[in-house]
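Order of listing sets the numbers, starting from 1, for every ligand and every atom in it.
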Amino acid sequence: MNLFENVTEMGHEQVLFCNGKDPDIKAIIAIHDTSLGPAMGATRMLPYVNEAAALKDALRLSRGMTYKAACADIPVGGGKAVIIGNPAYKTDELLYAYGRFVNSLNGRFITGQDVNMTPEDVRKISRETSYVVGVEEKSGGPAPITGWGVFLGLKAAVEFRLKTSNLQGLKVAVQGLGNVGTNVCRHLHENGAKLFVTDISKERTEEIQRLFGATVVEPSEIYGLDVDVLSPCALGGILNSETIPQIKASVIAGAANNQLGEEKADGMMLVEKGILYAPDYVINAGGLINVYNEMIGYNEEKAFKQVRNIYNTLLDIFDRAEKQQITTDAASKQLAEERIANAKNMKKVLVTAGSTNGKS
Ligand SMILES: NC(=O)C1=CN([C@@H]2O[C@H](COP(=O)(O)OP(=O)(O)OC[C@H]3O[C@@H](n4cnc5c(N)ncnc54)[C@H](O)[C@@H]3O)[C@@H](O)[C@H]2O)C=CC1
Ligand SMILES: O=C(O)CCC(=O)C(=O)O
């Protein structure tokens, strides 16, 4: 494997391979870009099929975090970490060891809770490092606010494509009923939407059926349902050449990171099918916005105001994509790259001004 090939192509600054013996721990911390500030990104734990898959996940997720922060207009960079392993074997010692790896980066990387990690796990990691966010008694776990942001983004997409702000009777298929998916379902239900849901966990589907009167379908059935919106809230890579031809929804708006299998080809296939895709790293920025606010001293009102802005940002991105005839993914990357370039220019101006002042 040519290790530097992907890293160079995707523009990462640093990738750390954490290898511990006692306890046995293998984790990858990927820092994509710190132009806007320290890299932020939560940690997930998964039994990856192989190490290349884990690396790919860390690289793509961390780059997504750079775009996420830039589109949300908050001054942090992009990073992400994956712990390789079955979460059933997650011990306190493993979390402490992981915390020491995070601490060794001295604040270049600040992390929190992602898939298969709990607020309690974050607390354990925080025994070894202060570079942790999403601690329950500070801003709380990020999932409720991520769910609310996804709901607002879904509303923006429905307004843009279906020309209605009334969600009464809107048919929404939700894939993944975990921390975020449950919150998305709650908001949709409260606003009169009709839910079709799936999860690989029977316990989760039963609860959502009981709470919100949702119709439960098999995981393989979720793509082909005759619904208005598909909301992917499980794992990434689910929008691909196998699933896109099945999709009948005209809007895709969900929380899962890295939904597009192949960004360009699959993004274009959605456009050709007339499906409006809300880029994942824009619509699911609520958690990042919340933990960023925790880092700088939590102010709920300010955090909520920034999350509310996801709605307007998405409308701007849809508009930009339509005017330029590009995918929504390309339009949001354009926005992010403009903001990063502006920040870099501003830094240059300040450095030049500083050195000029020093000379006088
Ligand atoms: N927690 C947060 O604040 C944020 C989460 N995200 C992303 O949103 C997604 C969901 O996050 P969480 O809800 O926190 O994770 P979670 O682990 O609480 O929930 C994921 C759910 O998806 C289900 N699932 C897994 N594979 C599935 C499949 N093939 N079909 C149907 N269901 C399946 C799981 O059983 C679980 O209930 C992830 O991709 C995560 O990276 C993004 C931004 C912030
Ligand atoms: O919880 C965090 O540390 C930042 C949020 C995040 O990782 C994400 O949005 O995927």
Side-chain angles (χ1 to χ4, degrees), residues 29-30 32 38-47 57-58 60-69 71-72 74 76-82 87 102 109-119 121-122 125-126 131-135 138-150 153 173-185 196-208 216-223 230-238 243 254-259 279-295 307 310:
I29 300 176
H32 179 251
M40 288 190 89
T43 300
R44 59 172 56 181
M45 182 167 186
L46 282 173
D57 209 23
R60 279 196 67 183
L61 287 166
S62 52
R63 187 186 51 165
M65 292 306 295
T66 299
Y67 294 135
K68 191 177 301 196
C71 286
I74 56 172
V76 297
K80 202 85 180 180
V82 302
V102 172
F109 174 65
I110 300 160
T111 198
Q113 171 206 341
D114 200 86
V115 176
N116 290 328
M117 300 289 275
T118 64
D121 295 337
V122 172
I125 294 170
S126 76
Y131 302 119
V132 178
V133 284
V135 182
K138 290 189 184 164
S139 71
I145 201 155
T146 302
W148 182 54
V150 169
V174 183
Q175 177 188 48
L177 308 170
N179 294 315
V180 182
T182 299
N183 283 288
V184 173
C185 287
F196 298 81
V197 299
T198 196
D199 197 294
I200 49 172
S201 153
K202 197 159 179 275
E203 193 188 305
R204 297 303 315 134
T205 53
E206 280 175 359
E207 183 174 327
I208 299 299
V216 177
V217 302
E218 288 300 319
S220 61
E221 289 169 355
I222 199 79
Y223 303 104
L230 171 64
S231 185
C233 296
L235 295 177
I238 44 83
T243 58
N257 278 310
N258 289 347
Q259 289 170 37
D280 44 41
Y281 48 83
V282 183
I283 193 171
N284 72 16
L288 174 66
I289 293 170
N290 208 47
V291 291
Y292 161 70
N293 277 279
E294 176 186 320
M295 190 177 78
V307 175
I310 290 174

For the 3.5 Å polar cut-off, considering only N or O atoms, please tell me whether Gln113 and ligand 1 meet it.
no

Using a 3.5 Å distance criterion without hydrogens, assess whether the side chain of Asn257 forms a donor-acceptor pair with backbone atoms of Leu61.
no

Could you tell me the separation between the CG atom of Leu177 and the CD atom of Glu203, rounded to the nearest 0.5 Å?
11.5 Å

Under 3.5 Å, N or O to N or O, is Ala42 touching ligand 2 that way?
yes

Check whether any side-chain heavy atom of Val102 lies under 4.5 Å from a side-chain heavy atom of Ile29, and answer yes or no.
yes

Going by heavy atoms, is Gly41 under 4.0 Å from ligand 2?
yes

For Arg44 and Asp114, indicate whether the former's side chain and the latter's backbone hold a donor-acceptor pair under 3.5 Å.
no

Heavy-atom check, side chain of Ile208 versus side chain of Asp199, under 4.5 Å:
no

For atom 1 (N) of ligand 1, which candidate among Leu288, Asp57, Val180, Val174 provides the closest heavy atom?
Val180

Of all the non-hydrogen atoms in the protein, which one sits nearest to atom 10 (O) of ligand 2, and at what distance?
Lys80 NZ, 2.6 Å

Between Thr198, Asn257, Asn284, flag the one that comes closest to atom 40 (C) of ligand 1 by a heavy atom.
Asn257

As an exercise, identify every atom of ligand 1 less than 4.0 angstrom from a heavy atom of Ala255.
6 (N), 7 (C), 8 (O), 42 (C)

By number and element, which atoms of ligand 2 are closer than 4.0 Å to a non-hydrogen atom of Gly112?
3 (O)

Logged contact type for Cys233 with ligand 1, heavy-atom cut-off 4.0 Å, is backbone

Nearest-neighbour protein heavy atom for atom 3 (O) of ligand 1, which is reported as residue plus atom name and distance
Thr146 OG1, 2.7 Å

Between Asp199 and ligand 1, find which residue part has any heavy-atom pair under 4.0 Å and reply side chain, backbone, both or neither.
both

With respect to atom 19 (O) of ligand 1, which of Ser201, Pro219, Gly178, Gly112 exhibits the smallest heavy-atom separation?
Gly178

Nitrogen or oxygen atoms of Asp114 and ligand 1 under 3.5 Å apart
yes

Quick one: pull up NZ in Lys68 and CD1 in Ile310 and give me the separation to the nearest 0.5 Å.
9.5 Å

When only distance counts, is Arg204 in polar contact with ligand 1, meaning an N/O pair under 3.5 Å?
no

Report, in ascending order of atom number, the atoms of ligand 1 lying under 4.0 Å from any heavy atom of Pro142.
3 (O)

By number and element, which atoms of ligand 1 are closer than 4.0 Å to a non-hydrogen atom of Ala143?
3 (O)

So if I count the atoms of ligand 2 from 1 in the order they appear, which ones are less than 4.0 Å from some heavy atom of Asn257?
10 (O)

Nearest non-hydrogen protein atom, atom 15 (O) of ligand 1
Val115 CG2, 4.1 Å

Tell me if a side-chain donor or acceptor on Thr198 pairs with a main-chain N or O of Val217 at a distance below 3.5 Å.
yes

Gln175 side chain vs Ile222 backbone, donor-acceptor pair below 3.5 Å:
no

Without swapping roles, check the side chain of Asp280 against the backbone of Asn258 for a donor-acceptor pair under 3.5 Å.
yes

From the candidates Asn183, Asn116, Ile200, the one that places a heavy atom nearest atom 29 (N) of ligand 1
Ile200

Ignoring hydrogens and angles, tell me if any N or O in the side chain of Ser231 forms a donor-acceptor pair with the backbone of Ala173 under 3.5 Å.
no

List every atom of ligand 1 that sits less than 4.0 Å from any heavy atom of Gly176, numbering the atoms from 1 in the order shown and giving each element.
22 (O), 32 (N)

Check whether Ser126 reaches the backbone of Val132 with its side chain - one donor and one acceptor, N or O, closer than 3.5 Å.
no

Donor-acceptor under 3.5 Å (Asn290 side chain, Gly287 main chain):
no

Looking at Lys68, which atoms of ligand 2 are within less than 4.0 Å of one of its heavy atoms?
8 (C), 9 (O), 10 (O)

Side chain or backbone, does Ala234 bring an N or O within less than 3.5 Å of an N or O on ligand 1?
yes

From CG (Leu230) to CD (Gln259), nearest 0.5 Å:
8.0 Å

Any idea which part of Met65 is under 4.0 Å from ligand 2, heavy-atom wise: side chain, backbone, both or neither?
side chain

Please indicate whether any nitrogen or oxygen in Thr111 is less than 3.5 Å from any nitrogen or oxygen in ligand 2.
no

Side-chain donor or acceptor of Thr111 paired with backbone N/O of Thr43 under 3.5 Å
yes

